[in-house]
Student: 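Could you have a look at this structure, given as structure tokens, before my questions?
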There are 2 protein chains.
Amino acid sequence: MATMHDVARLARVSVSTVSYVLTGTRPISQATRDKVLAAMAELDYQPNAMARGLASRRSRILGLLMPMDERGLGATETAFVTGAAAAASAAGYHLVLSPVGGGDLDDLRRLASQRMLDGVVLMEVQLADERVTVLREAGVPLVLIGRTGDTSGLSYVDIDFEQTVREAVAHLVGLGHRSIVYVNHSAATLASGYGPALRTRDAFVAAMTGHGLEPVMIPAEDSAAGGRAALAAAFAQAPELTAVLAMNETAIFGILGELTGRGLSVPDDVSVVSMVTSPQVAELATPALTAMTSPGSAMGRIAIEALLRHLDGPGDERHQQLLPCALETRGSTAVPRRPAPDTPGRSPSNGG
Amino acid sequence: MATMHDVARLARVSVSTVSYVLTGTRPISQATRDKVLAAMAELDYQPNAMARGLASRRSRILGLLMPMDERGLGATETAFVTGAAAAASAAGYHLVLSPVGGGDLDDLRRLASQRMLDGVVLMEVQLADERVTVLREAGVPLVLIGRTGDTSGLSYVDIDFEQTVREAVAHLVGLGHRSIVYVNHSAATLASGYGPALRTRDAFVAAMTGHGLEPVMIPAEDSAAGGRAALAAAFAQAPELTAVLAMNETAIFGILGELTGRGLSVPDDVSVVSMVTSPQVAELATPALTAMTSPGSAMGRIAIEALLRHLDGPGDERHQQLLPCALETRGSTAVPRRPAPDTPGRSPSNGG
DNA sequence: ACGCTTCGTCGAAACGCTTCGACAATCACT
DNA sequence: AGTGATTGTCGAAGCGTTTCGACGAAGCGT
């Protein structure tokens, strides 16, 4: 393995000159530069990342911290990752994914304090997330995908859940649906303070109330069985339901299965909208799902770009940005077959 | 950030002594050790990974190189990753995932030559995989998940596709199915030399022939639409089919949808077996899929352990291991409703 | 009491790079 | 021609570890 010394000797210049050619920190004449580059090519020289990192106190490595649970990464998360990796690579940085789970906070602390990562993008952020605290204490530049409850002083990119839910509800109401059930993540997930679950819940209540309709939310385990159970619960609570809105890529398959099992057709009897879903997953179902399409790779890219800005300028401007999901109409929504009953018995107290 | 010097000064010992306490390279008396540990705790000392890496020429970082395509990681791949991460962490190594695509071979070469990774596990290996060549030339210790055509001198862990296909076919034949269609990955994937697709193809031909049955294989794009098209093609080629074997987690949903669309019931009219599938995905379908369950986290763990053995002992023993998938019977397979026609017109030449 | 290991510790030399201060040479103005 | 800024290069001092050789102090058999 050739070192900088070898290159310098072969090119008959000093080591520092070679370094300047590489980093562009100081001007180097064309003639010298050519000599050096030729020597590097001849020796097949590759700078040693460790040495460079030690001397410059910059590893040029960015971390993408993502808890990996059993379920795997959906196409949505994968799009984040590829977007982020592309952005990092374009800026001359490496992006490494670290599958730090929720439990190993010490592991995270070690990772952060070892000065191996120039900065970090944190995924799947909880409303109260200790990882954020750990990382901030360690002084690691940080950008969130998602956001904590208190975002002061924090940079983040997140989905605009409020807007997304509003659009989804508007789409269904526009078709004539009056009884819409929202299938959320599990009760445990809600209790753990998972932002997307809480925000969409609140947004759903607001949107439905705004239309003068009663909001019914059902939590569901992240599994097909969970989806089935949720649908049963939904019919128990709102027998007249004609539409299901779901943010649970796993449960939704159970919902569809149960609907078919009950002899109900999608979309004629019941319309289904999936929230924050990638086209790939939406196409998996039969019929293909009308969905609020997640912003995909853009979110990863934006997060990395914000992080890089933090690294360069020590400026204190925080990047806080919400991205909407776009409604993509496919085959799972339609005008309801049974006409909307004009407001069922138990009308909302604040009714209109 | 405290350095080793600070610790040494506070503990009134030399830097090297601190280092020996940390690495255990040389014996240190209990008294000294305690002093040093106390000093480290007081200063909240964390060793600098770069400096350590530079001096020891060991980064204690392992790379898991996985091409990230649009589709995302299935639960199967995720299980590999978590298994690998756990094994690495247990051995005091960090595991980083690098989403190097197939295209950026130069990127890979750079990553490998920068001496930032002590070793590498390569996923999604093609039969002729240039990445293997690049990595070997760079002299990076390497373990494959999957395998190339020529595995001499290479360590790998892979699924025993031959055995898996044999078992799947045996299961269906045992139920009484005579006309079984195998839905593989796309023609393009086959042409690109993707090992699993090719090995299962050959294994399927062998297994069917062994039972005196005619093997019919249909390639399918990795999408629901691809699955639908494949099923149509399957009925065109083998109208009497009663069972589908598929190794294509995406297409299988299209297959199920198309089956339902044609008014055929699963499993009464047509049985379906999914190959190399995680329980999570199998449960997503309605009915839940009988599947050959992938070895999951074990594969990742075994790969990392093999890699670590390479790092320690410079021994030349290669680790080559095949893991079978286990048959898990769920609701998608049953005795065929229409009795097997006693061998249709075009009987296999080597018939029994 | 004699050499001989083994134990515990130290100082100093790497590891391969970046970066700072210095300095000669060139250039552009007066 | 003289001044000051600019350009291009060099040598050396780090960056925070590990690791090697050395060496005094014990412990052992004789």
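Below, chains carry the letters A, B, ... as their sequence lines are ordered, and counting in each starts from 1. Quick note: numbers below take in every heavy atom, side chains included, and nothing from hydrogens, waters or symmetry partners.
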Student: Quick check for you: among D:dG16, D:dG21, D:dT9, whose closest atom lies nearest to any side-chain atom of B:Arg26?
Tutor: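 Looking only at heavy atoms from C-beta outward on B:Arg26, the closest nucleotide is D:dG21.
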Student: Tell me: CE of A:Met4 to P of D:dC10, nearest whole Å?
Tutor: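 Distance check: A:Met4 CE to D:dC10 P gives 12 Å.
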Student: Can you find a heavy atom in the side chain of A:Ser89 that is under 4.5 Å from one in the side chain of A:Leu95?
Tutor: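 With C-beta onward as the side chain, the pair stays apart.
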Student: Could you pull out all residues at least two apart from A:Leu308 that satisfy side-chain contact (heavy atoms from CB on, under 4.5 Å)?
Tutor: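 Applying side-chain contact (heavy atoms from CB on, under 4.5 Å) to A:Leu308 gives A:Leu62, A:Ala91, A:Tyr93, A:Ile304, A:Leu311.
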Student: Against B:Arg136, only a single residue in B:Val132, B:Val134, B:Val140 fulfils side chain to side chain contact (heavy atoms under 4.5 Å, CB included); can you say which?
Tutor: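 Passing option: B:Val132.
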Student: Where along residues 33-47 of chain A does a heavy atom fall under 4.0 Å from DNA chain D?
Tutor: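 Of all residues in residues 33-47 of chain A, none places a heavy atom under 4.0 Å from DNA chain D.
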Student: Can you tell me the base-pairing partner of C:dA1? Count Watson-Crick or G-U wobble geometry only, both distances below 3.5 Å, and say none if there is no partner.
Tutor: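 The answer is D:dT30, by the H-bond criterion.
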Student: Measure from the side-chain heavy atoms of A:Ser56 and tell me the nearest of D:dG16, C:dT18, C:dC17.
Tutor: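 Closest nucleotide to the A:Ser56 side chain: C:dT18.
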Student: Can you figure out which of D:dT18, D:dT9, C:dG16 approaches the side chain of A:Thr3 most closely?
Tutor: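 Output: C:dG16.
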Student: Can you tell me how far P of C:dT18 sits from NE2 of A:His5, to the nearest Å?
Tutor: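 A:His5 atom NE2 is separated from C:dT18 atom P by 12 Å.
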Student: Among the candidates C:dT19, D:dT7, C:dC17, find the nucleotide nearest to the side-chain atoms of A:Arg52.
Tutor: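 Shortest atom-to-atom distance from the side chain points to C:dC17.
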Student: Between atom CZ in B:Arg9 and atom P in C:dC10, what is the gap in whole Å?
Tutor: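 That distance rounds to 15 Å.
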Student: What is the separation between atom CZ on B:Arg12 and atom C1' on C:dG8, rounded to the nearest whole Å?
Tutor: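 So the two atoms are 19 Å apart, to the nearest Å.
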Student: Could you check whether the side chain of B:Ser29 and the base of C:dG8 have a donor-acceptor pair of N or O atoms closer than 3.5 Å, going by distance alone?
Tutor: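 No.
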Student: Which residues pass the side-chain contact (heavy atoms from CB on, under 4.5 Å) test with B:Ala2, not counting sequence neighbours?
Tutor: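 Partners of B:Ala2 by the side-chain contact (heavy atoms from CB on, under 4.5 Å) criterion, ordered by chain and then number, come out as B:Asp6, B:Leu43, B:Tyr45.
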Student: Please report the distance, rounded to the nearest Å, between CE in B:Met1 and C1' in D:dC15.
Tutor: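 Roughly 15 Å, once rounded to whole Å.
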Student: Looking at every non-hydrogen atom in both residues, tell me the closest pair between A:Arg147 and A:Thr151 and how far apart they are.
Tutor: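 Where A:Arg147 meets A:Thr151 most closely, the heavy atoms are CB-CG2, 3.8 Å.
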Student: Taking all heavy atoms of B:Arg131 and all of B:Met123, pick out the closest pair and write down the distance.
Tutor: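 That closest heavy-atom pairing would be NH2-O, 3.2 Å.
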Student: With no hydrogens and no angle check, is any side-chain donor or acceptor of B:Gln114 less than 3.5 Å from a backbone partner on A:Pro47?
Tutor: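 No; zero donor-acceptor contacts below 3.5 Å.
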Student: Between the base of C:dG11 and the side chain of B:Ser16, is one N or O donor paired with an acceptor at under 3.5 angstrom?
Tutor: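 Yes, the side chain and the base share a sub-3.5 Å donor-acceptor pair.
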Student: With DNA chain C as reference, determine whether A:Thr17 or B:Ala51 sits nearer its 5' end, using the nearest nucleotide of each.
Tutor: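 It is B:Ala51, whose closest nucleotide lies nearer the 5' terminus.
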Student: Rounded to whole angstroms, how far apart are CZ on A:Arg115 and C1' on D:dG16?
Tutor: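 A:Arg115 atom CZ is separated from D:dG16 atom C1' by 13 Å.
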Student: Any idea which of D:dC10, C:dG16, D:dT19 is nearest the A:Asn48 side chain?
Tutor: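 The answer is C:dG16.
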Student: Would you classify A:Val18 as touching base, sugar-phosphate or nothing, given that sugar-phosphate means primed atoms plus P, OP1 and OP2, and contacts are heavy atoms under 4.0 Å?
Tutor: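 Since no nucleic acid heavy atom lies under 4.0 Å of A:Val18, the category is nothing.
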Student: As a test of reading the structure: which of D:dT18, D:dC10, D:dT7 is closest to the side chain of A:Tyr20, going by heavy atoms?
Tutor: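 Of all the options, the side chain of A:Tyr20 is nearest to D:dC10.
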Student: Taking only the side-chain heavy atoms of B:Ser19 (C-beta and beyond), determine which of D:dG8, D:dT18, D:dT9 contains the nearest atom.
Tutor: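 Within the option list, the nearest is D:dT18.
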Student: Provide, to the nearest angstrom, the distance between the CE atom belonging to B:Met116 and the C1' atom belonging to C:dC17.
Tutor: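 In whole Å, C:dC17 C1' and B:Met116 CE are 12 Å from each other.
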Student: Donor-acceptor pair under 3.5 Å: do we get one between A:Arg57's side chain and the base of C:dT18?
Tutor: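 By the distance-only test, no, there is no pair.
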Student: Decide if atom CD of A:Glu130 counts as having more than 12 heavy atoms of other residues, nucleotides or ligands within a radius under 6.0 Å.
Tutor: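 Open: at most 12 neighbouring heavy atoms sit under 6.0 Å from CD of A:Glu130.
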Student: Would you kindly give the CZ-to-C1' distance between A:Arg58 and C:dT19, to the nearest whole Å?
Tutor: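 Answer to the nearest Å: 14 Å.
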